[in-house]
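These notes are about the structure you will find just below.
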Amino acid sequence: MTRGQIWLVSGVPGAGKSTIARALCARYPKAIHIPVDALRELVISGHASPIEWSEETTRQFALARRSAAHMAADYSDEDFVAVIDDVVREEDLDQFAPYLAGRPLTKVVLIPSLDVVLARNRVRRNKPFDTGVLEPVARRLYRSLLESCRGDSGWIAFDTTDLDVEESVTGLQHRVAQA
């Protein structure tokens with residue numbers, strides 16, 4: 001059975017995960033973009049905000065990640081490329097791994113400079129809240145992702161600071177082909 005590649009694209013808010021994921025999908029004849037945030041936002045009643053973190057937020061992220069992994073596995077089994085985007089660290093992979101077993105997984109962390117991330121978040125209009133609240137979150141997560149998503153754990157760290165979307169996707173595909 002031919003299985004489609006599964007990409008897990010991580011990065012802090014404003015790193016370009018969704019933009020890169022959509023552009024990456026456009027490069028394949030059959031591909032699906034699975035944003036974990038979109039799955040979390042399907043919760044209508046009882047939605048737990050990631051801005052005010054709680055045990056319920058942790059639970060809802062785990063549910064969304066399992067759902068994303070199930071979707072990716074189903075589509076991969078039908079020879080689609082699946083691109084999951086989420087703010088995910090190596091220690092969060094246990095929420096995905098059981099459902100992705102035996103399928104080709106490429107783990108990428110986007111790491112544009114922190115200054116670029118902060119600037120992007122200041123001008124974002126694709127969130128239903130004031131994106132100013134993302135600055136302390138991005139600052140905290142930036143170091144955490146750099147420390148957690150290392151090459152010795154199979155992550156590809158990719159700096160998009162000076163690249164546009166197409167250059168980023170081309171460069172990323174080239175790095176993966178070399179690995």
Side-chain angles (χ1 to χ4, degrees), residues 2-41 50 64-65 68-69 71-72 75-76 79-90 92-93 96 100 103-128 131-179:
T2 303
R3 289 185 164 156
Q5 182 177 8
I6 298 174
W7 294 75
L8 180 58
V9 179
S10 184
V12 299
K17 297 178 299 297
S18 294
T19 301
I20 296 297
R22 283 190 301 271
L24 186 58
C25 285
R27 300 267 180 112
Y28 294 97
K30 296 187 301 183
I32 183 171
H33 173 214
I34 307 169
V36 169
D37 278 348
L39 295 174
R40 287 186 326 91
E41 290 166 7
R65 287 171 173 160
M71 286 178 70
Y75 277 86
S76 170
D79 201 28
F80 277 73
V81 169
V83 183
I84 301 170
D85 93 62
D86 186 20
V87 179
V88 61
R89 301 160 300 167
E90 180 67 22
D92 301 318
L93 283 182
F96 295 94
L100 301 179
R103 294 171 183 86
L105 178 64
T106 301
K107 302 182 297 185
V108 175
V109 60
L110 302 177
I111 51 164
S113 73
L114 185 57
D115 288 338
V116 165
V117 166
L118 297 176
R120 287 178 185 170
N121 279 323
R122 281 192 284 276
V123 299
R124 288 176 86 171
R125 301 291 175 254
N126 64 338
K127 296 292 180 187
T131 57
V133 300
L134 294 175
E135 183 168 334
V137 174
R139 287 182 185 280
R140 179 178 47 82
L141 287 172
Y142 194 82
R143 179 176 302 278
S144 175
L145 288 176
L146 285 175
E147 292 171 356
S148 173
C149 302
R150 298 183 320 270
D152 61 356
S153 299
W155 287 89
I156 296 170
F158 194 72
D159 184 355
T160 60
T161 300
D162 298 319
L163 304 175
D164 67 21
V165 175
E166 290 304 311
E167 291 169 330
S168 294
V169 173
T170 297
L172 188 53
Q173 287 182 308
H174 181 72
R175 282 276 305 277
V176 169
Q178 289 179 325

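- For the salt bridge (charged side-chain N to carboxylate O under 4.0 Å, His left out) condition, the pairs that include at least one residue of residues 145-174, sequence neighbours left out, are Arg27-Glu166, Arg150-Asp152.
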For residues 11-20, which side-chain N or O atoms pair as donor and acceptor with protein atoms under 3.5 Å away, sequence neighbours left out?
unit_1, atom_1, unit_2, atom_2, d
Lys17, NZ, Gly11, O, 3.2
Lys17, NZ, Val12, O, 3.1
Ser18, OG, Asp85, OD2, 3.1

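- Between the side chain of Ser76 and the main chain of Arg3, no donor-acceptor pair closer than 3.5 Å is present.
- Atom CG of Leu110 is separated from atom CG of Leu172 by 7.0 Å, given to the nearest 0.5 angstrom.
- Checked options Arg175, Gln5, Gln173; the residue passing with Thr106 is Gln5 (criterion: side-chain hydrogen bond (donor to acceptor under 3.5 Å, both in side chains)).
- The shortest non-hydrogen separation linking Val87 to Arg65 is O-NH2, 2.8 Å.
- Leu8 places a side-chain heavy atom less than 4.5 Å from the side chain of Leu93.
- Applying the ring pair (Phe, Tyr, Trp, His ring centres under 6.0 Å) test to Tyr75 and every residue at least two apart in sequence or in another chain returns Phe80.
- Under the 3.5 Å distance criterion, the side-chain polar atoms of Thr161 are matched with a main-chain donor or acceptor of Ser113.
- Nearest heavy-atom pair across Ile111 and Tyr142 is O-OH, 4.0 Å.
- At least one donor-acceptor pair under 3.5 Å links the side chain of Ser10 to the backbone N or O of Val88.
- Side-chain atoms of Lys107 never come within 3.5 Å of backbone atoms of Glu90 as a donor-acceptor pair (strictly under, hydrogens ignored).
- Of all the heavy atoms in Thr160 and Pro112, the pair that sits closest is OG1-CB, 3.5 Å.
- Here the closest heavy-atom approach between residue Ile34 and residue Ala82 is recorded as CD1-CB, 4.3 Å.
- Val36 and Ala64 make their closest contact through CG1-CB, 3.8 Å (heavy atoms, listed as atom of the first residue, atom of the second, distance).
- Inter-residue side-chain proximity for Phe96 and Leu105 is flagged as unmet; no heavy-atom pair is nearer than 4.5 Å.
- The shortest distance between side-chain heavy atoms of Arg143 and Leu146 does not fall below 4.5 Å.
- Across all non-hydrogen atoms, the minimal contact from Val83 to Cys25 is CG2-SG, 3.6 Å.
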